[in-house]
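Report on the structure given below.
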Amino acid sequence: MAVYADIIIDIAAPKLDRSFQYRIPDALREEARVGSPVLIPFGSGKTLRRGYIVGIGDEPKIEASKIREIAEIPKRDLTIEDSLVTLAYRIRERYGGSLYDALRTVIPSRQKVEQVPKRMVRRALSADELMKRADGLRGNETAKARLYRALAETAEIPWELVSGKLRLTKAMLERAQADGILTIETVVDAQNDRGAGLTVTLNREQESAAAAVLSGDEKCSVFLLHGITGSGKTEVYLRVIGEILAKGQQVIVLIPEIALTYQTVLRFYRCFGDRVAFIHSKMSAGDRYRMRERARAGEISIMIGPRSALFTPFPNLGLVIVDEEHETSYRSELTPRYHAVSVAIMRAELCGAKVILGSATPSLETYYKCGRGEYRLLTLTKRAKDGAMLPKAEIIDMREELKSRNFSVISRRLREAVNRRLERGEQVMLFLNRRGYAGFVSCRACGETAVCPHCDVTLTYHKDGTLRCHYCGYRAPYRPVCPKCGSKYFLPFGRSGTQKIEELAAKEFPTARILRMDADTTRAADDYEAILSDFAEGRGDILIGTQMIVKGHDFPRVTLVGALAADLSLGAPEYTAAERTFDLLAQAAGRAGRDRIPGEVLIQTYRPDHYAVLTAADADYAAFYETEIRYRRACGYPPVRHMLSIVGADRREATADAAMEELAGVVAKAAQAEGALVIGPAPAQMKKKRDLYYRVLNVKHAEIEALIRIKDVAEAWMHGESGIGLTFDMD
Ligand code: ADP
Ligand code: ZN
Ligand code: ZN
């Protein structure tokens with residue numbers, strides 16, 4: 001019987017929208033695999049084209065006599081392209097979706113590459129003079145001030161960093177050159193700047209963490225570097241990177257977009273000079289492609305960026321670092337919905353590279369794997385700078401405010417603390433914990449919440465007067481009376497936005513200069529960096545914002561952090577609610593007192609006894625983990641078991657319901673064979689979005705492979721007649 005291969009041709013071509021079928025000659029049957037590179041005849045020309053096998057089957061899709069044969073499977077060392085195709089294949093296998101989508105994620109289509117000369121921006125005035133001029137600028141000249149201060153701090157800065165991260169235009173830089181502030185110089189390749197190397201002496205903990213990564217233990221090459229903010233993780237990265245580069249290998253550093261600030265990138269440039277490049281999501285496709293090509297050509301050795309930097313075509317990758325590995329932005333929102341941590345490990349396995357996952361609040365999954373010996377745990381326990389103190393966090397019981405008839409979202413204690421900072425000219429951050437969970441119900445008098453009796457996640461209030469579980473579909477009538485204490489304050493949380501808090505703060509603190517940072521004020525490219533630098537440079541007394549403000553920014557003059565409504569993320573109708581809450585509160589607490597002025601952290605909550613709140617206030621990750629993993633174990637949630645969420649969507653609600661019921665039957669059969677547990681279908685958390693109705697089906701099993709097989713069954717069903725559009729979420 002003839003065997004056929006689906007082949008995609010020339011993977012970098014912009015129109016990679018279909019595969020072509022070729023016959024596999026008997027002589028090549030052994031070697032032909034999905035992912036194999038092939039040479040094939042194409043069109044009328046004589047030259048053979050390169051392609052990749054993306055599927056194998058025995059049914060011809062057109063008349064069999066018209067199908068041509070694969071000419072050759074080249075026997076040669078695998079190229080970087082080959083290994084990226086293999087990576088795409090594995091991503092598709094794990095996360096579903098089409099191979100086309102997976103390939104496009106891993107290998108973006110070819111772009112015109114403009115040759116851009118390497119340029120440096122050098123200061124033409126002394127640092128003191130620049131600082132003096134910066135201070136003399138008017139309030140609206142913030143871009144200029146940014147430039148002057150940056151140049152005062154660093155004598156020369158790569159052009160791409162100035163334009164990309166400081167957001168300064170070409171015209172502006174040229175004007176500054178004409179004014180004698182700076183010079184713009186084109187760098188000739190011969191005078192490469194290799195950076196200054198490491199400038200601090202690592203302490204004992206840092207030293208032994210770096211040594212552990214570098215020592216060649218082949219069995220375990222994934223490391224978790226667990227250290228509170230300011231414990232010196234970045235210095236450990238820099239040290240390890242230096243050694244990897246010395247071996248002639250390359251490094252990828254993933255940093256969440258929001259933490260990828262000018263300061264962070266500059267630290268890498270200072271250390272390693274122009275061997276460093278960075279990408280970010282606001283960059284044009286052309287610029288990003290140019291960076292990829294530079295990496296492929298060996299012009300750079302370190303790529304810094306968000307998620308997509310993972311696919312930089314380095315020929316000899318030696319290390320992947322995932323900083324802030326617990327960040328939710330590492331999960332892709334687009335198909336395939338891959339998770340950067342898992343894919344970083346996949347990529348590292350393919351080329352024998354090491355992986356460092358860094359965090360102050362590791363994801364439960366990562367920490368769990370350390371316990372099972374899959375990853376190696378390295379800990380930094382102290383702040384690295386002499387004298388920098390850990391802030392102490394105080395929990396404020398909002399139930400007491402209610403009793404004292406203070407109905408404001410700002411407690412008396414917090415108001416007083418803010419006023420003290422304003423008097424002393426210090427800065428304050430007010431962090432509104434708001435992950436957009438309107439609709440969870442809790443008692444303002446005792447803190448009791450409405451929870452699903454089957455799933456142990458919070459129920460969501462619906463306008464028809466019911467409470468519902470969006471895991472299993474359980475519903476119960478809503479009554480405003482607390483089942484525990486009988487108060488009449490058993491109410492759904494509405495959306496209390498940052499704007500409202502800003503108005504309130506303006507009233508309560510009329511003399512303060514208030515800055516606000518949330519999705520609304522940061523719409524334009526890199527707006528958030530402008531707000532952050534305004535705040536960092538003292539053009540604001542209070543910064544109000546969502547989780548955006550607590551991520552990895554260093555503000556030495558912030559001495560008070562207030563977390564408003566810590567409960568909001570506890571009320572998220574997901575099994576990860578406590579983990580998210582712990583992360584946010586611990587990170588928020590880490591913002592205060594980074595330098596020598598001791599900081600204070602106030603956490604306002606209706607649930608002062610909740611373990612996520614208590615352990616975050618003590619910055620005690622281990623204690624949090626112990627309690628949380630017990631809950632996950634008891635309920636069979638990840639990481640103890642794996643969970644596959646299958647989300648179906650349709651324009652008509654009835655169709656969505658009927659199709660998901662049918663799918664549930666199909667999945668139940670497959671699940672029974674595997675010994676997996678099926679929950680739902682239920683309305684998804686986002687029940688209706690852009691006129692589509694969403695339904696979710698959850699499947700749990702101890703082995704991820706079993707869930708992958710069940711996912712394949714569901715995918716096959718989707719491609720059949722009655723199927724509706726499905727997306728898959730693993731863990
Ligand atoms: P993290 O990445 O864990 O938040 P950093 O690496 O940014 O921590 O370190 C926090 C601060 O401490 C930085 O200003 C850094 O330069 C400084 N630092 C780190 N390690 C040392 C050290 N061994 N000696 C002196 N200062 C250090
Ligand atoms: Zn109550
Ligand atoms: Zn439930």
Side-chain angles (χ1 to χ4, degrees), residues 326-331 359 361-368 395 398 431-444 447-461 467-472 474 490-496 546-547 550 563-589 603-617 621 623-641 643 645 679-680 682-687 696 698 700 729 731:
H326 61 279
E327 269 292 310
T328 45
S329 64
Y330 281 131
R331 174 178 284 287
S359 178
T361 53
S363 73
L364 226 68
E365 175 169 356
T366 297
Y367 208 77
Y368 181 72
I395 297 170
M398 292 305 279
F431 155 59
L432 177 66
N433 188 350
R434 182 202 152 201
R435 279 189 165 258
Y437 299 123
F440 95 94
V441 178
S442 87
C443 175
R444 308 297 200 275
E448 176 77 0
T449 53
V451 168
C452 174
H454 309 295
C455 306
D456 228 357
V457 300
T458 55
L459 297 171
T460 307
Y461 171 79
L467 296 173
R468 289 193 210 170
C469 171
H470 82 89
Y471 272 44
C472 71
Y474 169 85
F490 197 60
L491 303 171
F493 261 96
R495 284 180 191 275
S496 126
T546 49
Q547 32 279 0
V550 304
L564 310 173
D567 311 69
L568 276 190
S569 57
L570 278 179
E574 285 159 8
Y575 70 85
T576 52
E579 184 179 358
R580 292 281 85 86
T581 304
F582 177 85
D583 281 0
L584 287 171
L585 294 179
Q587 303 259 346
I603 298 173
Q604 297 192 161
T605 176
Y606 290 99
R607 301 177 71 188
D609 306 324
H610 193 284
Y611 64 93
V613 176
L614 287 169
T615 53
Y621 180 85
F624 168 74
Y625 177 83
E626 284 309 318
T627 312
E628 180 67 11
I629 201 75
R630 241 181 286 138
Y631 157 68
R632 302 283 177 97
R633 196 167 278 131
C635 298
Y637 288 124
V640 179
R641 306 188 107 207
M643 187 155 98
S645 296
I679 309 153
Q685 190 195 328
M686 190 73 86
K687 204 182 114 198
V696 61
N698 291 307
K700 292 192 218 171
D729 240 335
D731 293 343

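When a residue number appears, it is its place in the shown sequence, counting from 1.
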Minimum heavy-atom separation for V640 and Y368, please, with both atom names.
CA-OH, 3.8 Å
Do V457 and C469 touch side chain to side chain, with heavy atoms closer than 4.5 Å?
yes
Identify the two heavy atoms, one from C452 and one from Y474, that lie closest to each other, and give their separation to 0.1 Å.
SG-CB, 4.0 Å
Going by ring pair (Phe, Tyr, Trp, His ring centres under 6.0 Å), name the residues that satisfy it together with F490, two or more places apart in sequence or in a different chain.
none
I need the minimum non-hydrogen distance between Q587 and T361, along with the two atoms involved.
NE2-OG1, 3.3 Å
Indicate yes or no: at least one non-hydrogen side-chain atom of L459 is less than 4.5 angstrom from one of V441.
no
The reported gap from CE in M643 to SG in C635 (rounded to nearest 0.5 angstrom) is 11.0 Å
Not counting sequence neighbours, list each pair that qualifies as a side-chain hydrogen bond (donor to acceptor under 3.5 Å, both in side chains) and has a residue in residues 630-640.
E579-R632, E628-R632
Given the rule in the side-chain contact (heavy atoms from CB on, under 4.5 Å) test, do T581 and H610 qualify, once you have shown the distances and angles that lead to the verdict?
CA-CA 10 Å; T581 304; H610 193 284; over 6 Å; no
Nearest 0.5 Å, please: how far is OG in S442 from CZ in R444?
4.5 Å
Out of curiosity, N698 CG to S645 OG, how far, rounded to the nearest 0.5 Å?
4.0 Å
Inter-residue atom distance L585.CG - L570.CG, 0.5 Å rounding
7.5 Å
Kindly compute the distance separating CZ (R468) from OG1 (T460), expressed to the nearest 0.5 Å.
9.5 Å
4.5 Å side-chain heavy-atom contact, R607 and T449:
yes
Of all heavy-atom pairs between P362 and Y621, which one has the smallest distance, and what is that distance?
O-OH, 2.9 Å
Which atom names give the shortest non-hydrogen contact between A586 and A616, and what distance separates them?
N-CB, 4.0 Å
As an exercise, state the distance from OH of Y367 to CD of E626, rounded to the nearest 0.5 Å.
8.0 Å
Kindly give the heavy-atom pair with the smallest separation between Y575 and P638, and that separation in Å.
OH-CG, 3.2 Å
Decide yes or no on side-chain contact (heavy atoms from CB on, under 4.5 Å) for T627 and T615, but give the supporting numbers first.
CA-CA 10 Å; T627 312; T615 53; 5.6 Å; no
L364 vs Y625, side-chain contact (heavy atoms from CB on, under 4.5 Å): CA-CA, chis, key distance, verdict:
CA-CA 7 Å; L364 226 68; Y625 177 83; 3.6 Å; yes
